[in-house]
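Computed over heavy atoms, backbone and side chain alike; hydrogens, waters and symmetry mates excluded. What you are looking at is a predicted structure, and each value in this text was computed from that prediction instead of being measured. Numbering of residues begins at 1 and proceeds along the displayed sequence.
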Amino acid sequence: MDEALAVDMTARNLQDKVKKAGLPWSTAKGFDTFTPIGPFIPKTTVSDPHSLKLSLKINGVLKQDGMTSDMIFRIPRLIEHISSIMTLEEGDLILTGTPEGVGQVVPGDKVECLLADENGKELATLNFTTAAREGGYEFQL
């Protein structure tokens with residue numbers, strides 16, 4: 001099992017509407033480009049996946065700074081639970097959550113993400129600029 005750095009974007013405005021209506025959140029998380037993913041990191045590079053540092057900056061301002069040790073469930077437990085529901089295939093991704101500091105982005109924001117080991121050695125970076133969805137989207141109940 002390799003590691004990767006990914007960002008789980010959410011259309012909060014849409015998520016709020018569907019939550020209030022008691023509907024699934026999948027639309028709010030499922031737009032094209034909503035899950036940028038960095039390169040895979042071989043598991044031999046990561047000595048302990050439960051002691052990695054995650055950080056995210058927006059326009060150079062640190063917004064998220066956390067550790068995988070803060071996860072509620074450890075990775076083997078997540079895999080066990082998920083695989084009891086569905087078959088996991090090679091290449092499947094499991095996004096495990098996000099550190100504190102979730103916030104809004106607007107088109108043109110520069111997002112910088114970092115994954116580092118417990119000693120601060122950089123394992124992966126993921127940088128992108130947010131953009132407006134072409135053609136827009138109108139949610140209707």
Side-chain angles (χ1 to χ4, degrees), residues 1-134 136-141:
M1 173 185 71
D2 294 337
E3 310 289 333
L5 179 58
V7 179
D8 181 12
M9 305 292 282
T10 305
R12 294 278 181 209
N13 57 338
L14 179 58
Q15 183 185 37
D16 291 343
K17 289 179 185 178
V18 296
K19 281 172 67 174
K20 285 177 185 168
L23 298 171
W25 304 0
S26 54
T27 301
K29 292 190 156 288
F31 289 103
D32 290 343
T33 74
F34 264 33
T35 312
I37 303 165
F40 286 94
I41 305 157
K43 64 181 174 184
T44 55
T45 307
V46 178
S47 60
D48 181 2
H50 299 103
S51 63
L52 299 175
K53 177 184 166 92
L54 300 158
S55 65
L56 180 140
K57 294 179 182 179
I58 299 175
N59 299 321
V61 178
L62 185 65
K63 297 290 187 174
Q64 294 182 305
D65 189 25
M67 298 288 296
T68 54
S69 59
D70 296 332
M71 292 170 43
I72 296 169
F73 299 105
R74 295 181 70 82
I75 294 168
R77 176 68 182 110
L78 293 172
I79 293 170
E80 176 186 336
H81 177 71
I82 294 166
S83 63
S84 75
I85 298 167
M86 65 188 73
T87 302
L88 291 172
E89 305 273 348
E90 184 176 336
D92 284 349
L93 296 173
I94 300 172
L95 276 61
T96 57
T98 186
E100 279 186 57
V102 171
Q104 183 177 5
V105 294
V106 296
D109 279 349
K110 307 245 183 282
V111 180
E112 304 168 63
C113 309
L114 173 71
L115 179 67
D117 69 13
E118 63 272 14
N119 299 314
K121 178 185 171 199
E122 182 180 295
L123 299 173
T125 60
L126 179 60
N127 302 310
F128 58 93
T129 302
T130 60
R133 177 182 166 82
E134 289 189 33
Y137 175 78
E138 184 177 333
F139 174 73
Q140 299 177 6
L141 283 174

| Minimum heavy-atom separation for E112 to N127, with atom names? | CA-OD1, 3.1 Å

| message | Looking only at the side chains, is there a donor atom on one of S47 and E118 sitting less than 3.5 Å from an acceptor on the other? | response | yes

| query | What pair of heavy atoms forms the shortest contact from L78 to M71, and how long is it? | reply | CD1-CE, 3.7 Å

| request: Flag the pair D117 and K53 as a salt bridge only when some basic side-chain nitrogen lies within less than 4.0 angstrom of an acidic carboxylate oxygen. | output: no

| task | Evaluate the criterion side-chain contact (heavy atoms from CB on, under 4.5 Å) for residue pair F40 and T45; output intermediate values, then yes/no. | result | CA-CA 11 Å; F40 286 94; T45 307; over 6 Å; no

| Which is it for T129 and V111 under the side-chain contact (heavy atoms from CB on, under 4.5 Å) test, yes or no, and what are the steps along the way? | CA-CA 6 Å; T129 302; V111 180; over 6 Å; no

| remark: So CZ of F128 and CG of D109: to nearest 0.5 Å the spacing works out to 9.5 Å

| task | Give a yes or no on this: more than 12 heavy atoms of other residues, nucleotides or ligands lie within 6.0 Å of atom NZ of K29. | result | yes

| request: Can you spot which of L93, L95, L126 makes a side chain to side chain contact (heavy atoms under 4.5 Å, CB included) with I37? | output: L93

| task | Please confirm whether the backbone N or O of I79 pairs with a side-chain atom of S83, one donor and one acceptor, at under 3.5 Å? | result | yes

| message | Distance check, rounded to the nearest 0.5 Å: L123 atom CG versus L5 atom CG? | response | 9.5 Å

| request: Could you grab the distance from atom CE of M67 to atom CG of L52, nearest 0.5 Å is fine? | output: 7.0 Å

| Which heavy-atom pair separates W25 from V18 by the least distance, and what is that distance? | CA-CG2, 4.1 Å

| query | Are the side chain of H50 and the backbone N or O of D70 linked by a donor-acceptor pair below 3.5 Å? | reply | no

| query | What distance separates I75 CD1 from E80 CD, expressed to the nearest 0.5 Å? | reply | 14.0 Å

| task | Answer yes or no: does atom CD1 of I72 have more than 12 heavy-atom neighbours from other residues, nucleotides or ligands under 6.0 Å? | result | no

| remark: When rounded to the nearest 0.5 Å, the distance separating CG of L115 from OG1 of T125 is 10.0 Å

| task | Please assess Q64 against S55 for the test side chain to side chain donor-acceptor pair (under 3.5 Å), listing each intermediate value before the final yes or no. | result | CA-CA 5 Å; Q64 294 182 305; S55 65; over 6 Å; no

| said: Between T130 and V106 (side chain of the first, backbone of the second, donor and acceptor by atom type, cut-off under 3.5 Å), is there such a pair? | reply: yes

| Roughly how far, to the nearest 0.5 Å, is the CZ atom of R77 from the CD1 atom of I82? | 10.0 Å

| query | Any chance CG of D32 has more than 12 other-residue heavy atoms, nucleotides or ligands included, within less than 6.0 Å? | reply | no

| task | Please report the closest heavy-atom contact between R12 and V102, naming both atoms and the distance. | result | NH2-CG1, 2.9 Å

| So do T35 and M9 actually touch side chain to side chain, heavy atoms under 4.5 Å? | no

| L88 to I94 - nearest heavy-atom pair and separation | CD1-CD1, 4.1 Å

| field | Distance-minimising heavy-atom pair for A11 and F34 | value | N-CE2, 3.5 Å

| query | Judged by atom type as modelled, is there a donor-acceptor pair below 3.5 Å linking the side chain of T68 to the main-chain atoms of P49? | reply | yes

